2 protein chains.
Amino acid sequence: MGSTIKDIARDTNLSLATISKYLNGKKILPENQKLIEESIERLGYIPNKQAQMLRSHRTNTICILLPVISDYFWGSICSYVEEYMQRHNYSTIISTYDPSSQDQSEVYRHLVSAQVEGVIIVSLDLQRSNLFTLLKSNNIPYIYLDQVMTEPAGDSVTSDNCYSAYCTTKYLLERGHRRVGVIGGDIDSYTTSERIRGFRSACREFSIPEQDQIVMCGDFTAETSGKLFKKLMSQQNPPTAVFLLGYFMTVSAIQQLDNLSIRIPEDLSLISFDDDEIFSAFDPPISVVVQDLAQMGTEASRLLLKRIQGDYSDFPRTKIIKTHFIERSSVRDLSK
Amino acid sequence: MGSTIKDIARDTNLSLATISKYLNGKKILPENQKLIEESIERLGYIPNKQAQMLRSHRTNTICILLPVISDYFWGSICSYVEEYMQRHNYSTIISTYDPSSQDQSEVYRHLVSAQVEGVIIVSLDLQRSNLFTLLKSNNIPYIYLDQVMTEPAGDSVTSDNCYSAYCTTKYLLERGHRRVGVIGGDIDSYTTSERIRGFRSACREFSIPEQDQIVMCGDFTAETSGKLFKKLMSQQNPPTAVFLLGYFMTVSAIQQLDNLSIRIPEDLSLISFDDDEIFSAFDPPISVVVQDLAQMGTEASRLLLKRIQGDYSDFPRTKIIKTHFIERSSVRDLSK
DNA sequence: CTGAAAGCGCTTACAG
DNA sequence: CTGAAAGCGCTTACAG
């Protein structure tokens, strides 16, 4: 079918070695270069990556590992990663994993078999699985995206969870709110616990008593979050503001507003961690903390390639990506 | 680093050929099988795919080609495709392309170089590019997802665009609407034109005059769609209902409701093609046509593997995936 | 700078 | 069923 390096060699009367050198950007005589280029053009030659990989022991391939329960966000992360990798002459494969399983040796086998040089792990939580031990045993670098590696210390890229939650909470408190609710995902997850840490830190600064910091956590599903929100708002003394720690928490809360006859911001002020185009279209538009997915993807890619190149000078690194706050109209100023 | 088939051969005192046979599921003596299995376990042997690919001329790899401007939807399609492929012992790579470019030869080179056996093309529109000619010249099967191949006839997987638009429109007309607006994406795209076709067909059935079928198309951006919606509603005689032909059209329309002082459904009835968790949380909840992304991903995968296996018995095939309608409360019944 | 030769880790006819 | 040998399409020392 396709032509090979042999065909080019025959066509140009040069040796395989010379063609190979040309392909790998090494110095050859200009006249030979011209000959080769013409021949490649004429025969439509495209190098076979499998052969290059096998021989050179470099696959130039990385993998993005996605949980099968895919969030909307991760899709766009994939594009950002692939774009970066393509620019750096790397291929990207994707693979999915079942986050509920401890045993990820199947995934590991797949990664090794494909000889990936590194992996970006988009994780709900994989800390307790055996994946990291396996990857380490084979010296395959990995970057944890979104969550942060702690136990086996590792590289991570994540948002400025704590600080942005701190600022957001401060924003609420500065507007006179003195009893604030929080709905979060899995309390054991890094992102959730960091966001809560930021929340509590701001509360402390404003001397908000513990009982007025109403934190409710469950998991990352809309179902659980909805129940928590309902519970939160059915209290004797419901909060005047609520901080929703993630996209699904926000959606599930909004879904119940009507049902619970809660008006925003008259009855309740509301801020969401994670934005969606649509939140700006709400009545009222919802103020949000926005994660910079493009930068998360790019930084994870950059860090991974650095590790692949053997540069562990700053290992383990937790790269914190700044978020930004979009003020819209879902918070009422009680201080006026 | 890792052990090779040679190590297993040495360890078991068997030949390379026998190990290879075992790996490829061919008959070998039970006693040898046991020896090999023990050895593989002991040495932690994992086959090198590159070598297998190179030698066997089968890469068991497909590619999902994504436009760089990635829609939320395509992310989840990736998971569905990868899951299916994994079950069928295929690897999935992703690659992005610039949909505004006619020349996709770089993408083509990448696909050939990686020796992908087939590609699923998630396309805004690529019909006018040179990609298909190139893929054909190399006998690489491809499935067009979302849009439909016509000019060079090819396999496609798409939603039931025309029929579901027909049903949706009928739903509006049966509720007494006699002047209906439509905001769509690129009029030249298959999906948009099919949805409009369905719309017009229902209108004809109800003898709606041409001037009361107000179709406005632009592109797939929220910006353009927003302008069109504004224009639509600023007419002397605005429609009583609008059918928004895609996620971004719906979002941009909703964003302007407040601004234009339009209440749903009192002033305007509204239906969206494409759902989002959040649409159900709106006040009022928005009725939607939902595309079955899981099935689209799975069917595209199935069809692609069929072609890869050389089965072209039903070529070219356009696989139509059913949508479903979720009735919520964004449409007013004028007939009562 | 160029070329002959070896070899990456496998699979595949081909004998036995 | 098993094994020796050739070869997939490249790259890499090593001489020249």
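The chains referred to below are lettered A, B, ... by the order of the sequence lines, with proteins before strands, and numbering in each begins at 1. Any value given below was found using the heavy atoms of this structure, including those in side chains, with hydrogens, waters and symmetry copies removed. Just so you know, these numbers come straight off a predicted model, no measurement behind them.
Across the protein-nucleic acid pair, L16(A) atom CG and dA4(C) atom C1' stand 10 Å apart, rounded to whole Å. Atom-to-atom, NE2 of H57(A) to C1' of dC10(C) comes out at 13 Å; the value is rounded to the nearest Å. Between L29(A) atom CG and dG3(C) atom C1' there is a gap of 13 Å when expressed in whole angstrom units. If you take CG of L54(B) and P of dT11(C), they are 11 Å apart, rounded to a whole angstrom. dC10(C) atom P lies 7 Å from atom CD of Q52(B), rounded to whole Å. Rounded to a whole Å, the CD1 atom of I19(B) is 16 Å from the C1' atom of dT12(C). Between K49(B) atom NZ and dC10(C) atom C1' the separation is 14 Å, expressed in whole Å. The nearest whole Å value for the distance from the CD1 atom in I40(A) to the C1' atom in dG9(D) is 14 Å.
Annotation: of the two residues near DNA chain C, A51(A) and S20(B), the 5′-most nearest-nucleotide partner is A51(A).
Under the side chain to side chain donor-acceptor pair (under 3.5 Å) test applied with Q147(B), the options T191(B), T158(B), N161(B) reduce to a single match, T191(B).
Distance from the side chain of R55(A) is smallest to dC10(D) among dC10(D), dG3(D), dC8(D). Listed nucleotides: dA4(D), dT12(C), dT11(D). Nearest to the side chain of S56(B): dT12(C). Closest to the side chain of K26(B), from the set dG9(C), dG3(D), dT12(C), is dT12(C). Side-chain proximity of I5(B) to dA13(C), dT11(D), dC10(C): nearest is dC10(C).
Contact between the side-chain N/O atoms of N48(B) and the OP1/OP2 oxygens of dC8(C) is not found at any separation under 4.0 Å. Contact annotation: Y22(A) side-chain N/O to dT11(D) OP1/OP2 distance is not under 4.0 Å.
Using a 4.0 Å cut-off between charged nitrogen and carboxylate oxygen, D155(B) and K319(B) do not count as a salt-bridge pair.
Formation of a donor-acceptor pair under 3.5 Å by the D103(B) side chain with backbone atoms of S105(B) is found in this model.
Cation-pi check for R307(A) over Y312(A) is met; the charged atom lies under 6.0 angstrom from the ring centroid and within 45 degrees of its normal.
Nucleotide dC14(D) is matched to dG3(C) when pairs are restricted to Watson-Crick or G-U wobble geometry with both distances under 3.5 angstrom.
For Y144(A) and F132(A), the gap between ring centers is short of 6.0 Å.
Residue contacts shown for K6(A) are limited to sugar-phosphate atoms, with no base heavy atom under 4.0 Å away.
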